[in-house]
Amino acid sequence: MEDSGEIIGCAGLISNDFISRMDLWPWICALYIDNSYRGRSLGKELLLRAKADAEKAGFNIVFLCTDHIGYYEKYGFTYIGDGYHPWEAVQEFMRAIT
């Protein structure tokens, strides 16, 4: 996401982001909005774009892992369990139907 040629936000759609759940895909990852642009629903726009891209690729469910409890639920994500990376503490992971 850009504003006047400056990158202000991003999100990715990848095949796997959670080493303990290799059976789930695709994953939304790296959602970020620059501090000065937060509060404008730009994160929502990026999530909707990632979900649409997943749907175009034939997926009707997307996943993500987070420690930002309360944020993603506003956009249709529901908690489905905990997982781990070998280098990190347990984080919740969620899914959303596209």
Side-chain angles (χ1 to χ4, degrees):
M1 180 175 282
E2 294 182 19
D3 183 26
S4 302
E6 180 182 342
I7 296 173
I8 61 166
C10 62
L13 189 62
I14 61 175
S15 60
N16 196 286
D17 194 33
F18 224 100
I19 199 162
S20 66
R21 291 306 306 262
M22 299 292 282
D23 58 319
L24 305 176
W25 67 85
W27 292 78
I28 295 175
C29 69
L31 178 68
Y32 176 78
I33 300 294
D34 184 87
N35 285 338
S36 61
Y37 286 84
R38 292 182 183 173
R40 302 180 193 185
S41 298
L42 299 177
K44 177 183 179 179
E45 287 184 33
L46 289 173
L47 286 171
L48 290 174
R49 174 63 186 265
K51 287 170 138 186
D53 287 348
E55 190 171 4
K56 284 180 191 173
F59 297 97
N60 63 356
I61 297 175
V62 293
F63 300 89
L64 60 82
C65 60
T66 187
D67 56 359
H68 296 286
I69 309 309
Y71 178 77
Y72 294 99
E73 291 87 342
K74 295 185 290 186
Y75 305 112
F77 286 83
T78 57
Y79 169 79
I80 59 171
D82 293 334
Y84 65 88
H85 293 293
W87 58 89
E88 287 184 284
V90 172
Q91 294 184 355
E92 294 189 347
F93 59 97
M94 303 179 166
R95 74 167 170 228
I97 309 263
T98 56

Measure across [X] and [Y] and return the closest heavy-atom pair with its distance rounded to 0.1 Å.
{"X": "Ile28", "Y": "Leu64", "answer": "O-CB, 3.6 Å"}
{"X": "Val62", "Y": "Ala54", "answer": "CG1-CB, 3.4 Å"}
{"X": "Tyr71", "Y": "Lys44", "answer": "OH-N, 3.9 Å"}
{"X": "Ala50", "Y": "Leu13", "answer": "O-CD2, 3.7 Å"}
{"X": "Ile69", "Y": "Thr66", "answer": "CD1-O, 4.4 Å"}
{"X": "Ala11", "Y": "Leu31", "answer": "CB-CD1, 3.9 Å"}

inquiry  = Tell me whether Lys51 forms a cation-pi arrangement with Tyr72, defined as NZ or CZ under 6.0 Å from the six-membered ring centre and within 45 degrees of its axis.
reply    =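 Checked: cation-pi criterion not met.
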inquiry  = For the backbone of Gly70 and the side chain of Glu73, can you confirm whether one donor and one acceptor N or O come within less than 3.5 Å of each other?
reply    =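 Yes; at least one donor-acceptor contact below 3.5 Å.
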inquiry  = Is it the case that the side chain of Asn16 and the backbone of Asp23 share a donor-acceptor pair, with hydrogens and angles ignored and the cut-off at 3.5 Å?
reply    =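 Such a contact is absent between Asn16 side chain and Asp23 backbone.
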In Å and rounded to the nearest 0.5 Å, what is the [atom1] to [atom2] distance from [X] to [Y]?
{"X": "Cys65", "Y": "Ile80", "atom1": "SG", "atom2": "CD1", "answer": "11.0 Å"}
{"X": "Asn60", "Y": "Glu55", "atom1": "CG", "atom2": "CD", "answer": "8.0 Å"}
{"X": "Arg38", "Y": "Asn35", "atom1": "CZ", "atom2": "CG", "answer": "4.0 Å"}

Taking [Y] as the starting point, is it possible to reach [X] by hopping between hydrophobic residues whose side chains are less than 4.5 Å apart?
{"X": "Tyr79", "Y": "Tyr75", "result": "no"}
{"X": "Phe63", "Y": "Tyr32", "result": "no"}
{"X": "Leu48", "Y": "Tyr37", "result": "no"}

key: Intermediate values then yes/no, side-chain contact (heavy atoms from CB on, under 4.5 Å), Leu24 and Ile61   = CA-CA 9 Å; Leu24 305 176; Ile61 297 175; over 6 Å; no
ask   = Below 4.5 Å, heavy atoms only, C-beta onward: do Leu46 and Ile33 meet side chain to side chain?
value =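 Yes - at least one pair of side-chain heavy atoms lies under 4.5 Å apart.
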message = Please determine whether side-chain contact (heavy atoms from CB on, under 4.5 Å) holds for the pair Trp27 and Ile14, giving the CA-CA distance in whole Å, both sets of side-chain angles, and the decisive distance to 0.1 Å.
response = CA-CA 5 Å; Trp27 292 78; Ile14 61 175; 4.0 Å; yes
